[in-house]
Amino acid sequence: MGLPPIDLAVFKNEGYVRNQCRITALWFWTTDPTRDTCGDTAEDEYTFIGAPLIEGYSMRGKALKDSMREAFLSFFENIEHTRVEPYPVLARWRDDIHLTIASIADFQPHVTSGEVEPPANPLTISQPCIRLTDVDAVGRSGRHLTTFEMMAHHVFNRPDEGKMYYWMEECVQYCHDLMTKTFNISSKEITYVENPWCGGGNAGAAVEVIVGGLELATLVFMNLEEHPKGDIELKGDTYREMPLQIIDTGYGLERFCWAAAGTPTIYEAIYPETVSWLKELVGFSSITSQWPDLDLDSLLGEMSRLNGIMNIEPGVDAEELRTTFLRRLDERGVVVTPEQFTAVTEPLSKIYAIPDHLHALSNMLGDGLVPSNAKAGYLARMLARRTLRLRDDLGLEISLSELAQHHISVNLDGQAMKQTHDGLLRILQLEEDRYGEMIRKGGHVITTQFKDIPRDTEYLPDELLFNLNDSHGLAPDMVVTLAKNAGWKKVQIRTGFAAEMAERHARIAKQAAQSVEAKPFVEHIPALPATHALYYDDVQQKEFDASVLACLPLIGDDLPDGATHAILLDKTCFYPEGGGQEGDYGRLSTDSIHHVVFDTQKVGSHILHFVGGSFETGDLVHGSIDWKRRKQLMDHHTAVHIVGGAARRILGPHIYQAGANKSVDSGRLDITHFNRLNRDDLDAIESLANEVLGQVQRTEKTELNRKDADKKYGFDLYQGGAPKGNSIRILRISDHDIQACGGTHHDEPGQIGSIRIVRSAAVQDGVERLHIVAGQAALDYARNQDALLRKASDIFGIPSNDLPKTTERFYSEWKEQRKTIEQLEAEIVRLRTSGGGSDSSEIEGVRIAIMEVTGDLKKMTKMLKELTLDASQPTLAVLGSKEGGGKLMIAVTENTVASERYDAVQLLREIAPHIKGGGGGRPTLAQGGGSHPEGLDDALEAARKSVGA
RNA sequence: GGGCGUUUAGCUCAGUUGGAAGAGUGCUUGGUUUGCAACCAAGAUGUCGUGGGUUCAAAUCCCACAACGUCCA
């Protein structure tokens, strides 16, 4: 069974009838009984271009957005909705997405699963969102945006608990009232399309609200969950009704603005200042004035209408698109040549995309994101680089931070940001520097990789283009520019290449998506009450008595040595691994049985103690934890929090925890930062952290429900990752650091003693890893460092203060002496071979030097050089050494009578058997080795004989 | 999280089937020149990223690690 028709009184009262779309086959409601398209099809043009459907909004840009937003929010406030402040665009509370992609994302997964109360109910919000999937189409399609505001009214109904606020009938009525009364849109312009929605395991009926060919809003009635035995079938899956019934609506603020402005594209409606500013900088009017006959307004108008019905999606090839556009424009009687079309649309689409990208970028960086080459930070870098490329393509001589500065003052004036204004501009400047560096290196890469490519090549090999893009960040169009500058004047990109590259990336991504699931520790955990965690009651408790609820055999291959069973108790002091803190060790005993606890892990709400044997269910056990270890782990864990807070205060508001680990030996904290840290930075953070140890008397541990926690402290709480569940433990170290954390922490920071930041390392671009030692580990570390210094200074017999000076002296002396030895060895060879010594003789103008020397092949090579590189003295040299099984090396002076007469390889083959070896080389230089050094004399003698010396 | 690339002189980079570590630029000295630029001559500068392995022989082939870069999710 599918979903029933959406048959509402509001439709009938407002004079609507239900028709089926002849193109999409979807059912829709319209006031025009003869209408046979639903409004959002390839035949429904935008009717509002040049003829706004929403009247009374003559302003543009930020002012237009502000008043539209206010009209929407106050409409719903007046009908009992609570206005909720927007969430950040960085979805810190989610571990499955980086960016907020819809208003409902604010409430996923915990509110939508029913576990957590919504902040208000019903509520209204205007949520800034970022979606980068369509980034290719931005600017080209006239309507795509990477960043937009989704206005919404949300309701979370629990009919099973008697909490039913409203459902379809009221929802559509509200929407219709908003459209017709607040925005004065005529009923006949609006169609309501029935189009069920499903995604992420949920589904429900949905209504799309189409006005003038543009989808302005979607109303989703989410009350179904995927279930194999469900009785409702949608798009191939079966669903059943769920207790929570959610209304998820989305009204595109920017689309409302567009419909009110009636501008050729959405960008002119929302970013008019930036568009005209950029047009002026680019000199756009001088482009169009080349063709006085060209009717630019009608061209752009027709294009916009076409944009509405043409499917311009990411990956569509520019060349294909142009051909289609020209054909369709021709059909409509718009006269334009391909050259004119390109000359106008190319710069325009770039001008349009820039403010959109700047808006997304400002929002992301404003929320404290740090650009990086991985994860969420990469999204910011990608946008920054796209913007820089657009800028360069347009030939604009203006920096990214200047562009951003303009954008922020025009479009984001007064908006609160976490990142400071200066911080944001500095980050963008650094990004631009990196981009410049990449381009500069790109020039070298091109000249290197194009070595074998003929100068008149038109189409470059696909592999080369893929490689340049993926490994060097040089997009195909950048390659063309660079190649043309470097002398390959004819290169171009073949049609369809961009689409193929996108497809290839998608394929690789798909392969990579096959992730590995963690193996379970035990087969099955029986239905038992949750383990009571004593460590939250008293973090200092070291011993306890408890009863055994279950003893389960351990499975899996990543277990500590000797662990065979997992013991489940009714309560425990043992902290299970979590939040980056390792699990506790210790002992569990009855009167007769004693087991060492090798590790403690948590599965669901149960804590498992890994031991090397078994207990009986019902046994009373006495547990004691390895307190020294626990104390050290707590030292490191609390220290990590303190250091994190110190880093934020020293370095700026963008410092966010990207990961952490606390072991007995050390703590590790990964923080997001846009620069490498030097020792001065580390010292400053370290000093502040130690000050905190002295200043803050007590840490404060509270448990709050999520709704209140979010409200009170915001999303910086979730530095350690998005926690599960409604109840959140919060560790507050005065105002220095406040985080949701389930780990064990000292009540008094002073108990840690001292904190040292040992070093920092780059984990990835934009993330620095701080290595921290605290408490006993800090002492041990200092002692260990002392011992190293002592050991080293003992070797030299000097005080450790002199170590740097002395090692430097030793190193440079060693280098000098090594060079002297080489020279002396060469000198010895010269002496032994000059002036008719027994080691050399002469045969018909060729000096013959055959001798035994000491040293390896490298040294012998040096000696040979002395002997044979002088062309004025043609020489055949045979050197032998007894090192490493015996080595032989033969060389003759190149391009002389010596090389004509003697073949080094041939001679080597003759004599090498004496040392039971082989070898090879070139006719002028051969080297070989063997396994019988005693035969070296024979080998050299054989050589003398062979040449007749 | 995954893929790819790079690592050789201060800098930019060559280095072919494994067989004598190179070029350009910069640097030093000398010459030329009022001076600069330019030119001429001579010279110095190397842990071939690190650690293993294969081999008579490794910058080169294999493995691991690291740093840097880059694309995608």
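Chain A is the first sequence line, chain B the second, and so forth, proteins listed ahead of strands; every chain is numbered from 1.
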**Q** Rounding to an integer number of angstrom, what distance separates B:G22 and B:G31 when you compare their P atoms?
**A**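 It works out to 30 Å between them.
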**Q** Roughly, in whole Å, what's the span from NE2 in A:His98 to P in B:G2?
**A** 13 Å
**Q** Roughly how far apart, to the nearest Å, are B:C56 and B:C65 at atom C1'?
**A**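 Straight-line distance between the two C1' atoms is 29 Å.
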**Q** Find the distance A:Arg131:CZ to B:A73:P and express it as a whole number of Å.
**A**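 Atom CZ in A:Arg131 sits about 16 Å away from atom P in B:A73.
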**Q** Starting at atom CG of A:Asn469, determine the distance to atom C1' of B:G69, rounded to an integer number of angstrom.
**A** 14 Å
**Q** Please report the distance, rounded to the nearest Å, between CZ in A:Arg769 and C1' in B:A66.
**A** 13 Å
**Q** Hey, what are the protein-to-nucleotides 4-6 of chain B N/O distances that come in under 3.5 Å?
**A**
unit_1: B:C4; atom_1: O2'; unit_2: A:Ser471; atom_2: OG; d: 2.6
unit_1: B:G5; atom_1: O4'; unit_2: A:Ser471; atom_2: OG; d: 3.2
unit_1: B:G5; atom_1: O2'; unit_2: A:His472; atom_2: NE2; d: 3.4

**Q** For the pair made of CD in A:Glu463 and P in B:G3, what is the distance, rounded to whole Å?
**A**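 So the two atoms are 17 Å apart, to the nearest Å.
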**Q** How about A:Lys484: does its NZ atom have over 12 heavy atoms from other parts shown lying under 6.0 Å from it?
**A**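 Yes - once you tally the heavy atoms of other residues, nucleotides and ligands closer than 6.0 Å, there are more than 12.
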**Q** When the P atoms of B:G69 and B:U8 are considered, how many whole Å apart are they?
**A**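 Comparing P positions in B:G69 and B:U8 gives a spacing of 15 Å.
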**Q** Distance between the C1' atoms of B:G26 and B:A44, in whole angstroms?
**A** 13 Å
**Q** Under the ring pair (Phe, Tyr, Trp, His ring centres under 6.0 Å) rule, collect the residues that match up with A:His357, sequence neighbours excluded.
**A**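 By the ring pair (Phe, Tyr, Trp, His ring centres under 6.0 Å) rule, A:His357 matches no residue at all.
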**Q** Could you tell me the separation between the CZ atom of A:Arg92 and the OH atom of A:Tyr87, rounded to the nearest 0.5 Å?
**A**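 These two atoms lie 16.0 Å from each other.
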**Q** Which value, in whole Å, describes the distance between the P atoms of nucleotides B:U17 and B:A41?
**A**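 35 Å, rounded to whole Å.
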**Q** For a quick check, with a 4.0 angstrom heavy-atom cut-off, what is the B/S/- contact string for nucleotides 15-22 of chain B, read 5' to 3'?
**A** S---BB--
**Q** More than 12 heavy atoms of other residues, nucleotides or ligands under 6.0 Å from CZ of A:Arg94: yes or no?
**A**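 Counting other residues, nucleotides and ligands, CZ of A:Arg94 exceeds 12 neighbours.
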**Q** Under 4.0 Å between a Lys/Arg side-chain N and an Asp/Glu carboxylate O for A:Lys441 and A:Glu437?
**A** yes
**Q** With rounding to whole Å, what would you report as the distance between B:U25 and B:A67 at their P atoms?
**A**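 Per the computed distance, 36 Å lies between those P atoms.
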**Q** Considering heavy-atom distances to RNA chain B, does A:Gln764 or A:Gly930 have its closest nucleotide positioned more toward the 5' end?
**A** A:Gln764
**Q** Between A:His654 and A:His673, is the ring centre distance below 6.0 Å?
**A** yes
**Q** Let me know the distance between CG of A:Leu465 and P of B:C71, rounded to the nearest Å.
**A** 15 Å
**Q** Distance check needed: B:A57 C1' versus A:Ile915 CD1, whole Å only.
**A** 12 Å
**Q** Are there runs of at least three consecutive Watson-Crick or G-U pairs touching RNA chain B, with each pair's two distances under 3.5 angstrom? Give them by first number.
**A**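 As far as RNA chain B goes, consecutive pairing (with distances under 3.5 Å) yields the stems B:1-7 with B:66-72, B:10-13 with B:22-25, B:27-31 with B:39-43, B:49-53 with B:61-65.
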**Q** Specify the separation, in whole Å, of atom CG of A:Leu388 and atom C1' of B:U70.
**A**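 In whole Å, B:U70 C1' lies 16 Å from A:Leu388 CG.
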**Q** Could you check A:Arg434 against A:Glu437 and say which one's nearest nucleotide on RNA chain B is further toward the 5' end?
**A** A:Glu437
**Q** Assign A:Gly473 to base, sugar-phosphate, or nothing according to its heavy-atom contacts below 4.0 angstrom with the strands shown.
**A**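 Result for A:Gly473 = sugar-phosphate.
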**Q** So what does A:Ala762 touch, heavy atoms closer than 4.0 Å: a base, only the sugar-phosphate, or nothing?
**A** sugar-phosphate
**Q** Measure across A:Val135 and A:Met382 and return the closest heavy-atom pair with its distance rounded to 0.1 Å.
**A** CG1-CE, 4.3 Å
**Q** Measure from the side chain of A:Arg676, starting at C-beta and using heavy atoms only, and say which of B:G69, B:A57, B:A67 lies closest.
**A** B:A67
**Q** For RNA chain B, which residues of residues 376-386 of chain A approach it to below 4.0 angstrom with any heavy atom?
**A**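 The answer is A:Tyr378, A:Arg381, A:Arg385.
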**Q** Would you please test A:Leu361 and A:Thr147 for side chain to side chain contact (heavy atoms under 4.5 Å, CB included) and show each step?
**A** CA-CA 9 Å; A:Leu361 206 46; A:Thr147 178; over 6 Å; no
**Q** Please identify which of these residues, A:Asp393, A:Asp477, A:Asp392, meets the salt bridge (Lys or Arg N to Asp or Glu O under 4.0 Å) condition with A:Lys350.
**A** A:Asp393
**Q** Taking atom CD of A:Gln906 as the centre, report whether more than 12 heavy atoms of other residues, nucleotides or ligands fall under 6.0 Å from it.
**A**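 Open.
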**Q** Side-chain N or O of A:Lys375 less than 4.0 angstrom from OP1 or OP2 on B:G1?
**A**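 Affirmative; the distance criterion is met.
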**Q** Determine the interatomic distance between P on B:A57 and the same-named atom on B:G18; round to the nearest Å.
**A** 15 Å
**Q** Just by modelled atom types, is the A:Leu369 backbone N or O under 3.5 Å from a matching donor or acceptor in the A:Thr672 side chain?
**A** no
**Q** Under 4.0 Å between a Lys/Arg side-chain N and an Asp/Glu carboxylate O for A:Arg386 and A:Asp136?
**A** yes
**Q** Say we look at B:C4 and B:A37: how far apart would their C1' atoms be, to the nearest angstrom?
**A** 45 Å
**Q** One pair to check against salt bridge (Lys or Arg N to Asp or Glu O under 4.0 Å): A:Arg494 and A:Asp462. What are the steps and the verdict?
**A** CA-CA 10 Å; A:Arg494 69 179 168 79; A:Asp462 287 358; 2.6 Å; yes
**Q** Check salt bridge (Lys or Arg N to Asp or Glu O under 4.0 Å) between A:Arg769 and all other residues, then give those that pass, not counting sequence neighbours.
**A** A:Asp670
**Q** Does atom CZ (A:Arg676) have a neighbourhood of more than 12 heavy atoms from anything else shown, all under 6.0 Å?
**A**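 It does: A:Arg676 CZ has more than 12 such atoms within range.
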**Q** Please indicate whether A:Arg901 has more than 12 foreign heavy atoms, meaning atoms of other residues, nucleotides or ligands, lying under 6.0 Å from its CZ.
**A** yes
